[in-house]
Every structure is written in C-alpha cells, then in structure tokens.
Amino acid sequence: MPAIIKTPAEIDKMRVAGRLAAEVLEMIGPHVQPGVTTDELDALCHDYIVNTQQAIPAPLNYRGFPKSICTSVNQQVCHGIPANKRLKSGDIINIDITVIKDGYHGDTSQMFFVGDVQPHATRLCQLTYQALWQGIRKVRPGATLGDIGHSIQHFVESNHCSVVREYCGHGIGRDFHEEPQVVHYGKPGDGLVLEAGMCFTIEPMVNLGKRHVKLLKDGWTVITKDGRLSAQYEHSILVTEQGYEILTLRRDEQPDGPL
Ligand code: MF3
Ligand code: CO
Ligand code: CO
C-alpha cells in the first residue's frame with residue numbers, strides 16, 4: 001500500500017501538529033526528576049496539550065489505551081502506561097507524545113535521564129539517538145524504506161546492540177498510524193521508494209541485550225525478554241524535494257542531527 005502524498009495545505013497542518021508535539025517534550029523535561037510519578041508526568045502533559053495547546057492527546061482511548069502519553073522506563077521498550085510509580089535516580093525513561101491539532105497528528109519521543117545515570121545507560125541512549133539520525137539522513141526522493149532500515153540496523157549492530165523487530169515507524173497524517181510501515185532493519189534498495197510529500201515517523205527501539213521482547217498482561221507494555229535496558233527516539237518527518245524536514249524538531253536539537 002502506497003503512502004499518502006500530502007498537499008501543501010496538509011503539510012502546513014502537519015508542521016503545526018509536529019511543533020506542538022515537540023513543545024510537549026520541551027515542557028515536560030524539567031519535571032522528569034527522582035520522586036515524580038509517571039501519572040504526574042501524564043497529568044502535566046494532558047493539561048498542557050488540552051488547555052495550553054488546545055489540542056488532543058492521541059493515545060487517550062486509542063484502541064483502549066488508558067492515558068495521554070506513553071512512559072517506558074528502563075527495560076520497558078515502548079507503550080508503557082503511566083502509573084502511580086515514582087522514578088528513581090538512575091532510571092532512563094522514554095516519553096512518547098502524540099497530539100492531534102486541526103485533524104493532523106504529530107508524534108515524537110525522546111529519552112530522559114532521572115538523576116545520575118550509569119554510563120552504559122547513557123551510551124545506549126546516545127547510540128539510539130544517533131541511530132535515528134542515521135535513518136533520517138537517508139530520507140530523500142528516490143531513496144527506499146530499506147535504505148533507512150538498513151542504515152539503522154547496521155549502525156546499531158556494529159555497536160553491539162540490537163534492533164527491535166516487532167514494532168516500527170509508520171505513515172502519519174489524518175490517522176495516527178498510516179501506510180507505510182517503517183521498519184528499522186532491512187536491505188538497501190528494498191521496499192517503498194520515497195516521494196516528496198510523504199510523512200512518516202522513524203522510531204527505532206534499541207536494546208542493550210538481545211532484540212526479543214514480550215508483551216505484559218496489561219496488553220500494552222512491551223519489555224525486553226532478557227530484562228536489559230531499551231531506548232527509543234522518534235521524529236515525524238516530511239520528505240522534501242531536497243531531502244527531509246523534521247516536523248518535530250526541538251530547540252535542543254540541530255536540524256541535521258548530532259555531529
Ligand atoms: N506513539 C506511539 C507511536 O510512536 C504509539 C502509541 S499507541 C498508544 O506510534 F496507544 F500506546 F498510545
Ligand atoms: Co509513532
Ligand atoms: Co510515538
């Protein structure tokens with residue numbers, strides 16, 4: 001199934017939704033501290049999205065998801081459900097924000113460090129951020145989804161970590177999850193050929209140990225099978241004539257990623 005090519009008017013709305021999603025991450029960062037609960041982080045984001053941004057938190061009630069954001073701590077890979085559980089120094093946490101504004105979605109996530117974090121955990125997060133950008137830098141008309149997946153997989157595995165296979169990036173627009181699926185592994189030249197006007201996320205999940213995952217009985221939380229740490233970063237991206245535009249770029253980021 002092909003990806004939807006967005007019109008210029010739709011792209012303007014995607015830019016607005018993307019910026020709002022990025023601004024939620026900028027807002028919540030200072031609140032990620034030892035002692036805060038993930039429920040409190042969820043409530044702060046919910047209030048900011050609904051009241052300040054006058055937007056909609058897309059996860060809330062999405063296929064029965066009970067909260068407004070996803071919070072995935074340590075060995076949790078993705079789709080962690082905020083709870084009455086306090087963060088402690090040394091934890092790493094992914095916060096994944098999706099907002100709907102004027103009918104269009106913006107989807108982005110980043111890792112945060114809680115207090116003092118061990119070097120192997122900070123390294124995993126840095127590696128995952130670099131892996132995201134290895135994929136982003138392949139994006140241009142004529143490149144393929146396989147080019148993106150291969151560059152991420154090659155980079156991660158060269159650094160002795162593993163890429164989760166069961167969850168992937170996705171087209172984004174009027175729907176939260178549109179065609180195509182954007183997997184984070186593959187072969188150069190395989191898969192869909194990119195065209196200007198496509199919008200999709202890239203959101204690699206990288207494990208310090210083996211790639212295998214399991215789903216908890218809550219039906220949402222994905223954890224590593226071996227119990228080791230996992231990290232994820234996500235951007236929503238527009239394919240442009242020149243290459244790419246990051247719709248969810250934050251103030252702490254460079255437009256072309258880390259050096
Ligand atoms: N934001 C996630 C993604 O990147 C999806 C979360 S679905 C939810 O695709 F229901 F868990 F919110
Ligand atoms: Co996504
Ligand atoms: Co997301």
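We count ligands from 1, going down the list as the structure has it; atoms in each ligand are counted the same way. The figures that follow rest on heavy atoms only: side chains count, while hydrogens, waters and symmetry mates do not.
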Fill in: ring-ring contact (aromatic ring centres under 6.0 Å, His included) assessment of His31 paired with Tyr48
CA-CA 13 Å; His31 296 280; Tyr48 188 77; 9.7 Å; no
Discussion item. Below 30° counts as parallel, above 60° as perpendicular, anything between as tilted: where do the rings of His154 and His150 land?
Written reply: parallel
Worksheet item: Quick one: does Glu10's side chain have a donor or acceptor within less than 3.5 Å of a partner on Thr7's backbone?
Response: yes
Any ion pair linking [Y] and [X] (charged N to carboxylate O, less than 4.0 Å)?
X      : Y      : result
Asp147 : Lys187 : no
Glu40  : Lys85  : no
Glu253 : Arg250 : yes

Discussion item. Can you list every protein residue that has a heavy atom under 4.0 Å from any atom of ligand 1, sorted by chain and residue number?
Written reply: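 Lining ligand 1 at under 4.0 Å, by heavy atoms, one finds Pro59, Tyr62, Phe65, Cys70, His79, Asp96, Thr98, Asp107, His170, Phe176, His177, Glu203, Trp220, Glu234.
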Discussion item. Before you tell me yes or no, could you show the steps for Thr224 and Asn207 under side chain to side chain donor-acceptor pair (under 3.5 Å), namely the whole-Å CA-CA distance, both residues' side-chain angles and the distance that decides it to 0.1 Å?
Written reply: CA-CA 7 Å; Thr224 57; Asn207 296 351; 5.8 Å; no
Discussion item. For Arg251, give me all partners under side chain to side chain donor-acceptor pair (under 3.5 Å), at least two apart in sequence or on another chain.
Written reply: Glu26
Practice prompt. Give every protein N, O or S atom lying under 2.8 Å from the Co ion (ligand 2), naming each by residue and atom.
Written response: Asp107 OD2, His170 NE2, Glu203 OE2, Glu234 OE2
Practice prompt. Can you tell me which residue pairs pass the salt bridge (charged side-chain N to carboxylate O under 4.0 Å, His left out) test with a partner in residues 128-146, sequence neighbours excluded?
Written response: none
